[in-house]
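Contents: one structure, followed by commentary.
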Amino acid sequence: MPNEKKSSSVTDGFHLVVDALKLNGIDTIYGVAGIPITDLARLAQAEGIRYIGFRHEQSAGNAAAISGYLTQKPGICLTVSAPGFLNGMVALANATTNGFPMIQISGSSDRAIVDLQQGDYEELDQMNAAKPYTKASFRVNKPEDIGIGVARAIHAAVSGRPGGVYLDLTADVIAATLDSDAAKKSLVRVVDPAPRQIPDPDSIERAIDLLADAQRPLIILGKGAAYAQADDAIRKFVETTGIPFLPMSMAKGLLPDNHKQSAAAARSLVLAEADVVMLIGARLNWLLAQGKGPHWSPSAKFVQVDISPTEIDSNRAIAAPVVGDIGSTMNAFVSALRPGQIQPKAAWIDAIAEHKQHNVERMATRLNANPNPMNFYSALRAIRDVFADKPDMYLVNEGANTLDFGRDIIDMHQPRKRLDCGTWGVMGIGMGYAIGAAVVSGKPVVAVEGDSAFGFSGMEIETICRYHLPVVIVVFNNGGIYKGDDINRSGSKDPSPTVLMKDARYDKLIEAFNGVGHHVTDPKGLTKALTDSLASGKPALINCTIDPTAGTESGHLQNLNPQTKVNRQ
Ligand code: ADP
Ligand code: TZD
Ligand code: MG
């Protein structure tokens, strides 16, 4: 057994992995146990690392990824060989896509057999399989390289644009014994793995000049800005310049959504009319229509602040690139600004205010209607009000309509509190993100889930209950993917592809694990169930009946649905 005390002169790969992680400040591992890593999990626990055991590796990986996003330390996911490894890969690839620092460590089978495809237990060439989906993929082939392997993985995960890293540990390596002194010497404590990247002062001047000439400037804050934890410098720059800002989904709360410079309620106006747009930790990807098309002014000029030089000019010409880390960069901007140098025109601020007021009033009418059964507006109004009272709670949000309406309606008041489907629009992050956020923060988490979205990681409610985590899940039950009223017109008796079971009692699921289930059908009931659940601090699931006709196909992404394009032609 590796967790028995070894004689003073000999240690093994299991101990070395745990020592290497501990030496680098890793305090939590998320995983699923099995051959060959079960004893690694046991030993980590015995050595004071918290081990959170999941029901599926994808959720363990999602928990690791979000803990990386929240803490700037790589989240660690531990998986078994081949199928367990592959189950974790969606989360690792998602971490890479979103720029979250994460390391998936997997045991692997006998290399000699794997490479000759001789049929080992859980045989797969994992390191090479991981490569296309990760920022880096390493294999440790000698026990004395474990320290170096862990160090390289940490550097790769957190430096520059963070991402997912795969670290392959062969069964031979973790089981190998080696001399204790040599082992100790082989460990590496990483120094400054995410070094500051100071921007060129000329790039700051170039950007300020462009912004100073602007009539209608706009700042777009992305989740890179939230990740950077440079909240004060960002706020200072935004407030000193008076430039209106638009938060991307996970940057909501970086400045509070009720901030007077927020242009979120005038999004279409500011995108179409801004003459200079400053991107801070946001990519011009599909979430911003690649900076092109009818949403955007073709003559707008761009400032882009990003740590990744290759992001510049990826979709549209960037007139003033500023390559650096956001903390150093925003401080440099604040120091370089002269009083009154950047001043958006009053007409621009007034136009935004007018547009905002119009949209806020239109939204208020919808939010205040009380339809029976509930729709997304009335249900989300109830949740929004609870968040207004408890701004330090985390919100996890996934689904289609549930996501899109949730983003528009639930105001965030603090940075890094909104966690959602992100860059890939992936379903299945819900319970993993909720668990990761609860574990690293100890704060309550409310996961607002479409009924389809919840199904992807729903079994993790057992994990939530087993670890007594303060997670409240609200399932928006409209009986389907997007909607619950679709009819199969093919002539077969099967349900339509988007339909899920009508009136499913998701609340009963959590009762199987001694959590508390609620079934609510109106906003009052939802408010009460949510406040009671939060007050109890116990895991709860609120099954919230929503009008099955309330959503729209593809949520707010109808334009990306090929069928919509076909119909338009
Ligand atoms: P969003 O989805 O919110 O628009 P993206 O994930 O598309 O945000 O973009 C985040 C950007 O932030 C990435 O291009 C990434 O390179 C950048 N980034 C991440 N961390 C930092 C940092 N510390 N400093 C500067 N840029 C960063
Ligand atoms: N699989 C994965 C991994 N990600 C996806 N995004 C999808 C499938 C496709 N998909 C969406 O893009 S949204 C969604 C799916 C299956 C679920 C929407 O239904 P919901 O939300 O019940 O979660 P609403 O509120 O009913 O729209
Ligand atoms: Mg649904």
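Remember, it's 1-based here, ligands and their atoms both numbered in the order they're listed.
More than 12 heavy atoms of other residues, nucleotides or ligands sit less than 6.0 Å from atom NZ of Lys483. At most 12 heavy atoms of other shown residues, nucleotides or ligands fall within 6.0 angstrom of atom CZ in Arg196. In this structure, Asn258 places its CG atom where more than 12 heavy-atom neighbours from other residues, nucleotides or ligands lie under 6.0 Å away. Other residues, nucleotides and ligands contribute over 12 non-hydrogen atoms within 6.0 Å of the CZ atom of Arg384.
The shortest N or O to N or O distance between Glu311 and ligand 1 is not below 3.5 Å. Residue-to-ligand polar distances place Ala453 within reach of ligand 2: an N/O pair is separated by less than 3.5 Å. Here's the thing with Lys483: none of its N/O atoms is less than 3.5 angstrom from an N/O atom of ligand 2. Residue Asp325 has no nitrogen or oxygen atom sitting less than 3.5 Å from a nitrogen or oxygen atom of ligand 1, judged on distance alone. Looking at ligand 1, you won't find any N or O of Ala225 less than 3.5 Å from one of its N or O atoms.
Within ligand 1, the atoms closer than 4.0 Å to a non-hydrogen atom of Arg161 are 13 (C), 14 (O), 15 (C), 16 (O), numbered from 1 in the order shown. Remark: ligand 1 atoms within the under-4.0 Å shell around heavy atoms of Gly222 are 3 (O). The ligand atoms of ligand 2 that sit less than 4.0 angstrom from a heavy atom of Ala400 are 13 (S), 18 (C), 21 (O), 24 (P), 27 (O). Atoms of ligand 1 found under 4.0 Å from any heavy atom of Gly281, numbered from 1 in the order shown, are 8 (O), 9 (O), 10 (C), 11 (C), 12 (O). Every atom of ligand 1 is numbered from 1 in the order shown, and the set under 4.0 Å from a heavy atom of Lys223 is 1 (P), 2 (O), 3 (O), 5 (P), 6 (O), 8 (O). Set against the non-hydrogen atoms of Ala228, the atoms of ligand 1 under 4.0 Å away are 23 (N). Taking every heavy atom of Phe376 and a limit of under 4.0 angstrom, the matching atoms of ligand 2 come to 25 (O). Atoms of ligand 1 found under 4.0 Å from any heavy atom of Tyr227 (numbered from 1 in listed order, with element): 20 (N). Residue-ligand proximity, Thr402 to ligand 2, at heavy-atom distances under 4.0 Å covers atoms 21 (O), 24 (P), 25 (O). For ligand 1, the atoms sitting less than 4.0 Å from at least one non-hydrogen atom of Asn285 are 7 (O), numbered in the order shown with element in parentheses.
The closest heavy-atom contact to atom 16 (O) of ligand 1, among the options Thr329, Val322, Asp306, comes from Asp306. The closest non-hydrogen atom to atom 27 (C) of ligand 1, taken over Leu288, Val158, Ile307, Ile220, comes from Ile307. Between the choices Glu449, Met427, Glu553, the shortest heavy-atom distance to atom 10 (N) of ligand 2 belongs to Met427. Summarising the contacts of atom 22 (O) of ligand 2 with Asp451, Leu500, Val90, Asn94, the nearest heavy atom is found in Asp451.
When all heavy atoms of Ala274 and Ala300 are compared, the closest pair comes out as O-CB, 3.5 Å. Across all their heavy atoms, Leu210 and Ala319 have their closest contact at CD2-CB, 3.9 Å.
For atom 4 (O) of ligand 1, the nearest non-hydrogen atom of the protein is Met248 CG, 3.3 Å. Summary of contacts: the protein heavy atom closest to atom 25 (C) of ligand 1 is Ile326 CG1, 3.1 Å. Scanning the protein for heavy atoms near atom 8 (C) of ligand 2, the closest one is Phe456 CZ, 4.0 Å. In terms of protein heavy atoms, atom 17 (C) of ligand 2 is closest to Ser452 OG, 3.4 Å. In terms of protein heavy atoms, atom 18 (N) of ligand 1 is closest to Gly224 CA, 3.9 Å. Among all protein heavy atoms, the one lying closest to atom 6 (N) of ligand 2 is Gly425 O, 2.9 Å.
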Step by step, would you call Ile410 with Met412 a side-chain contact (heavy atoms from CB on, under 4.5 Å)?
CA-CA 6 Å; Ile410 304 177; Met412 304 312 294; 4.2 Å; yes
Could you check Leu92 against Met102 for side-chain contact (heavy atoms from CB on, under 4.5 Å), going step by step and ending with a plain yes or no?
CA-CA 7 Å; Leu92 192 64; Met102 167 181 170; 3.7 Å; yes
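Among the backbone and side-chain atoms of Asn478, an N, O or S atom lies under 2.8 Å from the Mg ion (ligand 3). Contact annotation: Gly480 places an N, O or S atom under 2.8 Å from the Mg ion (ligand 3).
The shortest distance between side-chain heavy atoms of Ser554 and Tyr482 falls below 4.5 Å. Considering only heavy atoms from C-beta on, Cys544 comes within 4.5 Å of Val520 through its side chain. Residues Thr79 and Asn87 fail the side-chain proximity criterion, which asks for heavy atoms closer than 4.5 Å.
Gly480 counts as a contact of ligand 2, since one of its heavy atoms falls under 4.0 Å from the ligand. Using a non-hydrogen distance threshold of 4.0 Å, Gly324 registers as a contact of ligand 1. Residue contact check for ligand 2: Gly551 places no non-hydrogen atom closer than 4.0 Å to it. For the ligand labelled ligand 2, residue Phe405 lies outside the 4.0 Å heavy-atom shell.
In this pair, Trp296 and Phe302 present their aromatic rings tilted. The plane angle is within the 30 to 60° band. Using a 30° and 60° split on the angle between ring planes, Phe405 and Tyr377 fall in the perpendicular class, above 60°.
Using a 4.0 Å cut-off between a side-chain N of Lys or Arg and a carboxylate O of Asp or Glu, Asp231 and Arg416 qualify as a salt bridge.
Note that CD1 of Ile409 is 9.5 Å distant from CD1 of Ile383, once rounded to the nearest 0.5 Å. The CZ atom of Arg216 sits 4.5 Å away from atom CG of Asp275, with the distance rounded to the nearest 0.5 Å.
A side-chain donor from one of Ser490 and Asn488 sits under 3.5 Å from a side-chain acceptor of the other. Side-chain atoms of Asn397 and Arg407 form no donor-acceptor pair, as typed in the model, at a separation below 3.5 Å.
Ring centroid separation for the pair Phe85 and Tyr166 comes in under the 6.0 Å cut-off.
Heavy atoms of Phe476 found under 4.0 angstrom from ligand 2: none, in either backbone or side chain. Of all the heavy atoms of Arg283, the ones lying under 4.0 Å from any atom of ligand 1 are found in both the backbone and the side chain. If you look at Phe454 next to ligand 2, there are no close heavy atoms at all, none under 4.0 Å.
The minimum distance between the Mg ion (ligand 3) and any N, O or S atom of Asp451 involves atom OD1.
The main-chain N or O of Leu419 is never found under 3.5 Å from a side-chain atom of Glu398 such that the two would form a donor-acceptor pair.
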